[in-house]
Every structure is written in C-alpha cells, then in structure tokens.
Amino acid sequence: MPTPPFPTPLPPSLAPRLVRTLYGDRATEPRPLASGAWSQAYALTLDGAEVVLRVGAHGEDFAKDEVVARLAGPGLPVPPVLARGEAEGWAYAVSGRVRGTALDDLSDEAVARTLPSLLRALDAAAHVDLAGTSGYGIWAPDGRAPHASWPEALLAIGTETPRVPGWRAALVDSGIGLGPVEAGLSALAALTPCLPDARRLIHGDLLSRNVLAGEAGITGVLDWGNALYGDPLYDAAWLLHWWPWYPGWRPGDLHAALLTHWRATGPTPAHLRERLHAYLLHIALDALAYCASRGRWDEVRAHVGTVLTLASPGGGESVLIPAGA
C-alpha cells in the first residue's frame, strides 16, 4: 500500500532539540527513518542501546503501543515503550528498536517465507487477555471502544471522524458522489448476520512498514494506533485487500498461507467467506474515505472500483477471497 506523506511537516530542529532536552549527552543525534501517515520516526542510541523516537500529533497512538507492548507475550514481538510525553505541541514516544526489513519491501519469495510467522503472531494477538476492556471497534488507551457490537463498529465507517474529516463533501464535489459508499454500506449490512460476536485484539494496519521481518520470520509488529476489538479475521482481510497493491507479490502465496494456517490451527472458521467479504468491504470503504479526505483521487477511484465489485451480485466470489474458503 502506498504510504502517504506526513500531513503536517515537523520542524526540522524539533527531534534533535527534544533528544538533547530529554537525555543530554546520553543519546546520539537522531537520524530520520521512515515517516507514516501520522508520525515521523528517528533512530538513535540511548546509553548505548538502539532506540527509536517517534513524533506526531496523536499521542493516543503511542499510548496504545505502550498498552500492547505490556500485554503481548513472546509470540507477538512488540517493542517496549520506554518514554512518552509531549513537547512543543507534539506527542513523542521512545521505544526499543527492533531490526528487520519492512514487509512492504520484501521480495515475493521472502514475503512467502514470512507469512507463516506473521499469521502465528496474529493468532498471539487474538489471544491477548482483554480483561478490563470494553466495546468494539477502535479502542482508546484506557481500553474502551465506542461500539456495543462488532457490526455496529463496522457500519460506523460511513460516519466521518475527527481524524478523517470532510470526505463525504469531497466525494460529492468530485462528481463521484456518495453512491459507492451507500452501496458498500448496504452490502456490508446484509452480511452482518454472518459475523461473530468475537472480541479479540486486531492490529488493523499491517502494511505501511508496520511489520518487520528477518530471516527467521517477523521481528516486530509496530504502530497499534489503528488497533480494534473485534473478529481477528479482519487482519487476514487487510492482507487480502492490500496484496494486489504490491505487484511483485503473488496472490497465490497469501491464499495458500491463509488456508494452510486455518486448517492447521483448527476447523476452518465458520462463515469464512461472508466474514472476509464483509471486512474487505469495510477496508475498501475506509481507504476510500481516507484518500478522499486527502484528495488522492487516483486511489479513490481504485477503491471505488473495489467497493462496487464487492457490493455487486456475486461480489463474494471476488478473487480477493481465497479459493476454497
């Protein structure tokens, strides 16, 4: 999936100034790493250990990273958050650094080798103890999510949020209109009777350099700001949706890995095709809204095409859903 530019440029002097203020000569000068949609990362050493500084506008994302790092077991490699705070109107977090190549940058052979370990890590995420939490959908650092049910959380995709505003008017002004959104929501609503009431931990943003891998498998699962409570099959649908955006990756590798994993870990999930169909619709609607809010119209048109395909009669037979599911 293409990574959007950081929406609000950070002052170039902020990270070096922040590091000097926090750590003085205990830390080296921060070096920019990749930026994502919501934060900029920097590499440095602190007391001789490799760490990563992230700076962004949404401190709640970093707080969620801290929560998951505390809850994750050895099967889910999440780097510890060592410090969090605010400086000059920006949120920051300092985390342990894990080494690896971003999933996005792997060759077709390397990503095929990595998939089994990633699917095992997602299983580990789905078994994180959520005692003391509540609700469905994207959760806050206090463990509460805003929706009373999983279908309600999914159907809320038709409502604008403070982080992704203005997309409905933008679609109308563009001439595309809201028809594709309404068609997608209607198709999604029709599938909700097949959805489980499972409430497990979902990452919800597995590409965009958020998964790192080495020769032996994944080394880190980063950036839990978009994490949800709901059906863990959602993360499989995320991979299915975005896989075609990486032309060097073979769809058959992902389909085979998913089917092999599901068959090895128990009976094939009930209503698998309908659940994947619903989540593919949600993910495409989410991407459509996000890109419309950013004025990325070539991508909007691609996501509109996906939504309309999935919302059409027989949309569940889409090639995005693995054969045999």
Side-chain angles (χ1 to χ4, degrees), residues 1-6 31-43 50 52 54 65 68-69 72 74-79 95-126 202-227 232-262 264-265 276 279-280 283-284 286-287 299 302-303 306 319-323 325:
M1 178 178 65
T3 300
F6 191 56
R31 295 181 296 101
L33 294 170
S35 65
W38 308 112
S39 66
Q40 170 69 53
Y42 303 85
E50 290 188 309
V52 171
R54 288 172 295 152
D65 290 345
V68 177
L76 180 61
V78 180
S95 304
R97 185 174 186 184
V98 293
R99 289 283 186 169
T101 301
L103 189 69
D104 312 56
D105 296 334
L106 295 180
S107 67
D108 54 352
E109 292 87 358
V111 79
R113 289 195 304 271
T114 301
L115 278 170
S117 68
L118 173 57
L119 298 178
R120 289 193 296 272
L122 296 179
D123 278 355
I202 303 166
H203 184 276
D205 194 9
L206 289 170
L207 294 165
S208 299
R209 315 186 73 82
N210 290 333
V211 175
L212 302 180
E215 288 298 320
I218 66 164
T219 57
V221 183
L222 317 176
D223 190 356
W224 292 80
N226 204 46
L233 276 181
Y234 188 93
D235 275 330
W238 183 274
L239 294 172
L240 287 165
H241 174 85
W242 290 111
W243 210 259
W245 290 67
Y246 295 81
W249 292 359
R250 299 180 297 251
D253 290 339
L254 176 59
H255 298 172
L258 287 170
L259 291 172
T260 298
H261 180 77
W262 290 326
T265 54
L276 290 175
Y279 307 152
L280 287 166
I283 292 160
D286 186 29
E299 292 171 63
H303 295 307
T306 299
V319 295
L320 292 175
I321 299 176

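Everything quoted here is computed from the prediction, not taken from an experiment. When reading the values below, keep in mind they use all heavy atoms of this one structure, side chains included, and skip hydrogens, waters and symmetry mates.
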J.: Determine, stepwise, if the pair Asp286 / His241 fulfils side chain to side chain contact (heavy atoms under 4.5 Å, CB included).
T.: CA-CA 11 Å; Asp286 186 29; His241 174 85; over 6 Å; no
J.: When you compare the side chain of Val111 with that of Leu103, does any pair of heavy atoms fall below 4.5 Å?
T.: yes
J.: Measure the spacing between OG1 of Thr306 and CD1 of Ile283 and express it to the nearest 0.5 Å.
T.: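 Answer for the OG1-CD1 pair, Thr306 versus Ile283, is 11.0 Å.
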J.: Taking Thr260 for the side chain and Ala257 for the main chain, is one N or O donor matched with an acceptor at less than 3.5 Å?
T.: no
J.: Just verifying a value: how many Å separate Asp223 CG and Ser208 OG, rounded to the nearest 0.5 Å?
T.: 8.5 Å
J.: Mind listing the closest non-hydrogen atom pair of Leu76 and Ala121 along with its distance?
T.: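 Residues Leu76 and Ala121, closest heavy atoms: CD1-O, 3.6 Å.
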J.: Kindly indicate whether the side chain of Trp243, heavy atoms from C-beta on, has any atom under 4.5 Å from the side chain of His255.
T.: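 The answer is no, as the side chains (C-beta and beyond) never meet within the 4.5 Å cut-off.
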J.: Between atom CG of Asp235 and atom CG of Leu240, what is the distance when rounded to the nearest 0.5 Å?
T.: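 Here the rounded value is 11.0 Å.
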J.: Are the side chains of Leu206 and Leu122 in contact, using a 4.5 Å heavy-atom criterion?
T.: yes
J.: Tell me whether Asp104 contacts the main-chain N or O of Arg209 through its side chain, where contact means a donor paired with an acceptor under 3.5 Å.
T.: yes
J.: Give the intermediate values and the outcome of side chain to side chain contact (heavy atoms under 4.5 Å, CB included) for residues Trp262 and Leu233.
T.: CA-CA 10 Å; Trp262 290 326; Leu233 276 181; 3.6 Å; yes
J.: Show me the side-chain donor-acceptor pairs of residues 210-222 shorter than 3.5 Å, one per line, residues at least two apart or across chains.
T.:
unit_1: Asn210; atom_1: ND2; unit_2: Asp205; atom_2: O; d: 2.9
unit_1: Asn210; atom_1: ND2; unit_2: Asp205; atom_2: OD2; d: 3.4
unit_1: Asn210; atom_1: ND2; unit_2: Leu207; atom_2: O; d: 3.2
unit_1: Thr219; atom_1: OG1; unit_2: Arg99; atom_2: O; d: 2.7
unit_1: Thr219; atom_1: OG1; unit_2: Leu212; atom_2: O; d: 3.4

J.: One pair to check against salt bridge (charged side-chain N to carboxylate O under 4.0 Å, His left out): Asp65 and Arg54. What are the steps and the verdict?
T.: CA-CA 11 Å; Asp65 290 345; Arg54 288 172 295 152; 2.5 Å; yes
J.: Restricting to side-chain hydrogen bond (donor to acceptor under 3.5 Å, both in side chains), what partner residues turn up for Asn226, sequence neighbours left out?
T.: none
J.: With a 4.5 Å cut-off on side-chain heavy atoms, are Trp249 and Leu254 touching?
T.: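 Side-chain contact under 4.5 Å: no.
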J.: So which heavy atom on Gly96 is nearest to which on Pro79, and how close?
T.: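 Heavy-atom minimum between the residues: O-CB, 3.2 Å.
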J.: Kindly say whether the aromatic ring centers of Trp242 and His303 come within a distance under 6.0 Å.
T.: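 Yes, ring centres under 6.0 Å apart.
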J.: Could you note down all residue pairs passing salt bridge (charged side-chain N to carboxylate O under 4.0 Å, His left out) where residues 240-251 supplies at least one of them, sequence neighbours left out?
T.: Asp108-Arg250, Arg250-Asp253
J.: Check Tyr279 against Ala237 and note the closest heavy-atom contact, atom names and distance.
T.: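 Nearest heavy atoms, Tyr279 then Ala237: CB-CB, 3.5 Å.
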J.: Can you tell me how far OH of Tyr234 sits from CG of Leu280, rounded to the nearest 0.5 angstrom?
T.: 9.5 Å
